[in-house]
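Single-structure report; data block below.
Just the heavy atoms: all of them, side chains too, but no hydrogens, waters or symmetry mates, feed the values below.
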Amino acid sequence: MSDADKPAEGQVDQPRPEGVHPQGPGLGGTANKGFPSTEGLTGGNRPVEYSNVEGEPADGEVDPDHAPVVRDQRRGMFGSTAGQDTSGYGGLQRTIAFPGAAERPYGGWYDEVVDRLADATGGDLLERVVVHADELTLHVRREDLPVVMRALRDRPDLRFEMCMSVSGVHFPQDEGAELHVAYHLLSITHGGRRLRVEVTAPDSDPHIPSVVGTYPAADWHERETWDMFGVVFDGHPALTRILMPDDWAGHPQRKDYPLGGIPVEYKGGTVPPPDERRSYN
């Protein structure tokens, strides 16, 4: 394109098609002219491409205390590190990053809950507060978990009466905090408020206090997290396997658990180990 053909500064060479909305730092909507405008949509009504992409800070610098937490550099379609890549996307590389700590004001009722929790526990027992995708996550040290959970349940202006689930996650690259456990709480008293409490433990010491004394419904959830990830919940009334046989070796949902090679038969066939499977590269 010659200089004469280039558009003047501040102009574009073609008009923006109807339906494409220059909103947010991510994708700009859709070029389908029949789609309605996304202007003015908020919360869960916003297109997913607006809520899943973080914008750049105005000054171009990121505060280290609030920067995204990089968990892994994943290669290939599924991030497999054992054996050959069989997806055909062996050259694909992705950075796995989680949202960093949020800055005040958090918005909505989140500030109120954090302040009242600090008041109820006699101090700030939170490692960090994360607000992402309209969800509140409180990161807590494992030794402080019983005090925090009891305050969230019992204090009248908090009253998260129900523990809906206990979920485990294994991040082998997160040195010193490889095992993560997330508790999902619900407050009926306060109109269905939900929050997540997250704690970590190292592989070398996979112990976390049980919350069954505060939330009895967490009993089987903690048993499943022990069964699948090997997290030992100290004080649990009967921490036994719930899905796998009692004599099963290992914890199947850990990232270092062997893939394949288990002699499970499917109409005479077997599942070979990863390094013996067909490779596309």
(request) For a side chain to side chain contact (heavy atoms under 4.5 Å, CB included) with I208, tell me which candidate from V232, T225, L145, L179 qualifies. (result) L145

Separation of [Y] [atom2] from [X] [atom1] (nearest 0.5 Å):
X	Y	atom1	atom2	result
L117	L138	CG	CG	6.5 Å
C163	D219	SG	CG	11.5 Å
T121	D144	OG1	CG	8.5 Å
R116	D157	CZ	CG	4.0 Å
D115	Y110	CG	OH	15.0 Å
E161	D154	CD	CG	10.0 Å

(message) The criterion is salt bridge (Lys or Arg N to Asp or Glu O under 4.0 Å); which residues satisfy it with D227, sequence neighbours excluded?
(response) R241

(request) Using salt bridge (Lys or Arg N to Asp or Glu O under 4.0 Å) as the criterion, list what pairs up with D124, not counting sequence neighbours. (result) none

Would you say [Y] ends up clustered with [X] if hydrophobic residues are merged whenever their side chains have heavy atoms under 4.5 Å apart, either directly or through other cluster members?
X	Y	answer
L243	V231	yes
V147	F233	yes
M164	L185	no
L186	V211	no
W220	W226	yes

(message) Strictly below 4.0 Å, N to O, side chains only: are R194 and D134 in salt-bridge contact?
(response) no

(request) Considering only NZ, NE, NH1 and NH2 on the basic side and carboxylate oxygens on the acidic side, decide whether D205 and R142 come within less than 4.0 Å. (result) yes

Side chain to side chain, [X] and [Y], heavy atoms closer than 4.5 Å:
X	Y	answer
D203	R254	yes
V199	R141	no
R193	E112	yes
E198	V140	no

(message) Under the criterion side-chain contact (heavy atoms from CB on, under 4.5 Å), I'd like the reasoning laid out for Y215 against M149: C-alpha separation, chi angles, the key distance, then a yes or no.
(response) CA-CA 9 Å; Y215 293 105; M149 297 296 263; 3.9 Å; yes

Closest non-hydrogen atom pair between [X] and [Y], with its separation:
X	Y	answer
V131	A102	N-CB, 3.7 Å
A218	V166	CB-CG2, 4.1 Å
W109	L136	CZ3-CD2, 4.0 Å
A97	P68	CB-CB, 4.2 Å
A151	L158	O-CD1, 3.6 Å
P172	E178	O-CG, 3.8 Å

(message) Test your reading of the model: is there a side-chain donor-acceptor pair from D234 to the backbone of P209, 3.5 Å cut-off?
(response) no

(message) Keeping R153 on the side-chain end and R159 on the backbone end, is there a donor-acceptor pair under 3.5 Å?
(response) no

Establish, from distance only, whether the side-chain atoms of [X] and [Y] form a donor-acceptor pair under 3.5 Å.
X	Y	value
S210	E222	yes
T137	R196	yes
R223	T240	yes
R150	T214	yes

(request) Take V130 and E135, measure what side-chain contact (heavy atoms from CB on, under 4.5 Å) needs, and give me the verdict at the end. (result) CA-CA 8 Å; V130 174; E135 295 181 354; over 6 Å; no

(message) By the ring pair (Phe, Tyr, Trp, His ring centres under 6.0 Å) test, which pairs, at least two apart or in different chains, include something from residues 153-190?
(response) F98-F171, F171-H180

